[in-house]
Every structure is written in C-alpha cells, then in structure tokens.
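Chain identifiers are assigned alphabetically (A, B, ...) following the order of the sequence lines, protein sequences preceding nucleic acid strands; residue numbering begins at 1 within each chain. What's counted below: heavy atoms across the whole structure, side chains too, no hydrogens, waters or symmetry copies.
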2 protein chains.
Amino acid sequence: MAPRKKDVEPLDRERIVEAAMTIIDDEGLEALSMRRLGAALGVNPMAAYYHVPNKAALYDLVLEAVMSGVDLSAIDPAAPLADRLKQGARAYRTAILAHPRAIPVLASRSLRTAAALRPVEPLLGILFEAGLTATETVAAVDCLAQYILGVCVGYYHHTVDEETNVQREFDELDPAEFPNVSRMVAEGRYAGAEAEFEFGLDAFARGLLGGPRMSLEATS
Amino acid sequence: MAPRKKDVEPLDRERIVEAAMTIIDDEGLEALSMRRLGAALGVNPMAAYYHVPNKAALYDLVLEAVMSGVDLSAIDPAAPLADRLKQGARAYRTAILAHPRAIPVLASRSLRTAAALRPVEPLLGILFEAGLTATETVAAVDCLAQYILGVCVGYYHHTVDEETNVQREFDELDPAEFPNVSRMVAEGRYAGAEAEFEFGLDAFARGLLGGPRMSLEATS
DNA sequence: TGACTCATGCTACACCGTATAGTAAGTTAC
DNA sequence: GTAACTTACTATACGGTGTAGCATGAGTCA
C-alpha cells in the first residue's frame with residue numbers, strides 16, 4: 001500500500017531499540033520477534049531490517065541499552081580504593097537488574113564491545129592507581145565483570161525466569177545423596193541475592209586489594 | 001513403515017544425550033535440532049520425544065552430562081583449606097571446558113538442580129569445616145559457582161564462538177574514548193584465560209578464607 | 001518532468017519445536 | 001492360537017521463526 005508514509009517520522013535505531021526494550025521488559029525475551037517488534041512500531045516486520053542488519057545486531061543494541069544505564073557518578077573519589085571498586089561493581093549490577101529479563105542477552109554477547117567497556121573505563125583507572133600492573137588490572141576487571149555477570153545470570157534463573165525458578169530449590173533434594181546441602185538448608189538460611197552478591201564482592205575486593213596477590217607476571 | 005524395528009536396541013536417554021553431546025562438540029550448539037538429533041540416531045525426529053518430553057529437558061540432560069564430568073577425586077584431603085577450595089573450583093571449570101560449545105546451555109539452565117549440585121556437595125563440607133556458618137557456606141559456594149560460570153561464558157565468547165571472538169578486541173577501540181583501556185593494552189598484556197581465572201580464584205579464596213569476612217548474619 | 005535514493009510493504013522459503021494420529025513388533029492373558 | 005494391550009517408533013501437519021528478494025510509493029534534486 002504505502003511504503004514511506006507521509007507525515008510520519010521514519011524509524012531509526014533509537015526507536016527500534018526502545019521498542020525492543022519495552023517488549024523485553026513487559027512481555028519477556030521470548031516475546032521479542034521481528035514480527036512482534038514490527039507490530040509494536042506499527043510497521044511491517046521487515047522494516048527494521050533497513051536499520052539493523054539482523055537479529056544479532058538487535059541484541060547488541062539491547063546490550064548497549066542496558067550498559068548505558070550504568071551510573072558511575074555515585075563513586076566517591078575520596079573513598080578508599082576497595083570502596084570505590086565495590087561502588088563500581090554495584091553500579092554495574094544495578095544497571096543490569098534494571099532490565100532483568102534481558103539478562104540472557106548479556107550472557108549471549110561478548111562483553112568486550114565498546115558498549116560494555118565504556119562503564120568499565122573508570123574502574124581500570126581505580127585499579128591501576130591501586131598499584132596493580134596493567135596486566136593485573138585487566139585481569140582483575142575481567143574477573144570482576146565475569147563475577148557480576150554470573151551473579152546476574154543466577155539471579156535470572158532464581159528470581160526472574162518462570163521456567164527455572166520453581167521447584168528447583170535446595171530443600172527438595174534427597175538428604176542421603178546431598179547430606180551437606182541438606183545440612184546447610186537446615187542450619188542456615190538463604191541470605192538473599194543482594195546479600196550474597198555483597199558477600200562475594202567483599203571477598204573479591206579484599207582478596208584483590210587487601211594483601212599480597214598472586215603474580216601474573218611470572219606466567220608465560 | 002516399520003515402527004519398533006526388530007533386532008535393534010531401542011533408544012534410551014543415555015544414547016540420546018550421547019548423540020546430542022557429539023553434535024554439540026562437533027558441529028556446535030546451533031546444529032542441535034530435534035531433526036538433526038533424529039538423523040544422528042538413524043531415527044525419526046519425533047522418536048526422541050518418547051524418551052524426553054521436550055527440548056528444554058534435552059538441555060537439562062546436556063547440563064547433567066557436563067556436570068557429571070566434574071572430578072573432585074584429585075582434591076588432596078591433607079591440603080590447606082584454600083587449596084582444596086581452589087582444586088574444587090578448577091575441577092568444575094575443567095569439566096565445563098571439556099565441552100566448550102555447550103557453555104551457553106549451562107548459562108541458560110538453573111545451577112540448583114541435582115546434577116549441578118552433586119559436584120558441589122564436597123565443597124560445602126570444606127567451607128563449613130573452615131568455620132563459615134551454614135548461611136555463609138551457601139553464599140560462598142553460590143558466589144564461587146557464579147564466578148566460574150561467568151568465567152566460562154567469557155571464555156566461550158573470547159575463544160569458542162566464532163561470532164563474538166573476532167574483531168572485538170580491546171585494541172581497536174578509540175583511544176580518546178577509552179584512555180585507560182588503551183593504556184592497559186599498551187603497557188600490559190593479556191594473561192590468558194587460565195591465568196586470569198587463577199588470578200580471580202586466588203583473590204576470591206583469600207578474601208573468603210584469609211581473614212575477617214563480611215558478616216551475613218546481621219542481614220535481615 | 002524524470003532520474004535517483006530512501007524507507008517501507010509484500011511474498012515466500014527454509015527451518016524450527018512439537019501436537020496428533022497411525023502402526024508394526026513384542027508381551028501378556030485366556 | 002489369538003485377542004488385547006503396551007512399547008517404540010513413523011508420518012503428517014501446524015504455527016512459529018529469521019530473513020532473502022523484490023515491488024512500491026514518497027521525497028529530493030537535475
């Protein structure tokens with residue numbers, strides 16, 4: 001009928017990714033198909049392909065959108081090194097949890113893209129100032145990012161995804177086969193996603209900054 | 001023509017998951033379709049559905065197969081606590097890297113299934129002995145597992161997946177926008193996946209076992 | 001007015017997971 | 001021996017997916 005509608009702003013990447021994020025947030029990741037996307041934009045399913053080469057590229061835009069939400073402005077420049085590192089890590093996680101249903105997308109893309117690296121930039125400076133070598137700084141940030149991603153993926157399965165969060169708890173395991181798990185469940189409690197994240201982050205930061213570290217320089 | 005072929009062993013879950021693992025290892029994860037699986041087994045695509053309810057369940061079997069490869073027998077019971085913890089973590093990672101192309105499956109399933117928890121059992125004992133509370137033990141193992149998973153996902157994108165491992169390196173970023181990244185690349189080097197894993201593992205273990213930890217008991 | 005480009009619509013293809021139904025071989029009961 | 005039943009498959013088909021290829025109308029510029 002009418003390609004190139006008159007008096008209508010043409011599509012652009014920004015509106016496309018905006019619609020995609022809305023679909024993911026409201027209806028879940030599996031609802032995001034090119035047809036559904038076109039419908040949300042009031043447009044033919046193929047229209048998006050003029051602006052985005054394929055669906056993988058759309059996922060990259062989603063990653064970029066999530067990562068652009070990282071707000072490192074709250075890092076207190078006067079705070080001790082370990083605190084600044086933790087604040088950065090929290091900002092990272094907070095941004096990801098702002099779009100919980102997009103988490104599998106993050107796990108499916110490389111984190112060494114410009115979009116994912118941008119919020120990491122300041123953290124590199126923090127660690128380098130702390131006296132780590134360049135190689136160690138890269139390693140530390142890599143490890144930290146991977147820890148955060150792992151935590152978020154765990155959060156997704158435990159809290160977000162309806163398929164994986166039900167009926168898979170510790171407590172329904174066979175106590176004979178899992179004596180220690182059963183014991184932990186009986187004697188302890190689940191501290192919660194946030195508390196566990198902080199627990200691991202604290203350990204990681206102290207291990208990194210609190211004393212002598214493993215050397216990476218001797219490695220071949 | 002001939003349902004229930006004569007003189008032929010009927011299918012079972014074991015043969016199905018074996019075929020699935022072969023396809024994943026040889027041709028990659030995206031090659032694993034129910035049709036391809038049927039072909040590999042010399043059988044109609046729908047035949048597998050008699051033994052496995054759906055594809056998600058097939059992925060669960062893949063997760064189980066990978067996790068069953070975790071070999072904790074190498075842990076030296078006489079070694080210091082931190083070493084035993086590290087040995088356990090390495091065994092976990094080694095098993096996962098034995099099937100690198102299956103890594104996205106692991107990231108897509110919950111790790112709180114029996115299959116994923118089985119190799120974790122002994123680690124719980126190690127940490128509990130170390131003097132952590134039950135709650136802290138659970139948190140520590142959760143964090144460690146999430147770190148390992150994150151590291152493996154990173155390994156996948158950096159080393160395994162052909163779509164994400166090319167042209168996405170640090171060094172092709174704009175030095176003006178990424179001064180710290182550029183500096184790290186210039187002054188340091190990439191220590192390698194294994195070295196970075198060990199670096200983070202060492203930090204994590206020392207943070208967990210090497211001194212006063214953050215308390216989880218005060219949390220509401 | 002006519003050529004050119006832009007942004008979109010339309011159709012179609014190959015592939016996917018899987019619901020449903022049919023059917024041959026093996027097992028059991030009488 | 002044969003009929004009923006169960007087991008383990010085959011065959012067909014449906015609705016969904018990403019996307020290649022082509023058509024088409026609007027806007028811009030000569």
Salt-bridge criterion met for A:Asp142 and A:Arg112 (N-O under 4.0 Å): yes
Enumerate donor-acceptor pairs with a distance under 3.5 Å from any side-chain N or O in residues 21-32 of chain B to protein atoms, sequence neighbours excluded.
| from | atom 1 | to | atom 2 | distance (Å) |
| --- | --- | --- | --- | --- |
| B:Thr22 | OG1 | B:Glu18 | O | 3.0 |
| B:Asp25 | OD1 | B:His99 | ND1 | 3.1 |
| B:Asp25 | OD2 | B:His99 | ND1 | 2.9 |
| B:Glu27 | OE1 | B:Arg36 | NE | 3.1 |
| B:Glu27 | OE2 | B:Arg36 | NE | 3.4 |
| B:Glu27 | OE2 | B:Arg36 | NH2 | 2.6 |

Partner residues of B:Cys143 under the side-chain contact (heavy atoms from CB on, under 4.5 Å) criterion, sequence neighbours left out: A:Tyr147, B:Phe204
Distance check needed: C:dA12 C1' versus A:Asn44 CG, whole Å only. 13 Å
By nearest-heavy-atom nucleotide on DNA chain D, the more 5' of A:Glu30 and B:Ala47 is B:Ala47
Specify the separation, in whole Å, of atom CG of A:Leu41 and atom P of C:dT8. 9 Å
In whole angstroms, the gap separating C1' of C:dT23 from OH of B:Tyr50 amounts to 14 Å
Between B:Glu177 and A:Arg118, does any NZ, NE, NH1 or NH2 come within less than 4.0 Å of an OD or OE carboxylate oxygen? yes
Rounded to whole Å, CZ of B:Arg13 lies from P of D:dA8 at a distance of 12 Å
Any side-chain N or O of B:His51 below 4.0 angstrom from OP1/OP2 of D:dT7? no
Looking at B:Asp60 and B:Arg109, what are the two nearest heavy atoms and their distance? OD1-NE, 3.0 Å
Can we say B:Arg90 and B:Glu198 salt-bridge, meaning some charged N sits less than 4.0 Å from an Asp/Glu carboxylate O? yes
Short N/O separations, protein against nucleotides 18-20 of chain D, under 3.5 angstrom:
| from | atom 1 | to | atom 2 | distance (Å) |
| --- | --- | --- | --- | --- |
| D:dG18 | OP1 | A:Lys55 | NZ | 2.5 |
| D:dG18 | OP2 | A:Met34 | N | 3.0 |
| D:dG18 | N7 | A:Arg35 | NH2 | 2.6 |
| D:dG18 | O6 | A:Arg35 | NH2 | 2.8 |
| D:dT19 | OP2 | A:Tyr49 | OH | 2.7 |
| D:dT19 | OP2 | A:Lys55 | N | 2.9 |
| D:dT19 | O5' | A:Tyr49 | OH | 3.4 |
| D:dT19 | O4 | A:Arg35 | NH2 | 3.4 |

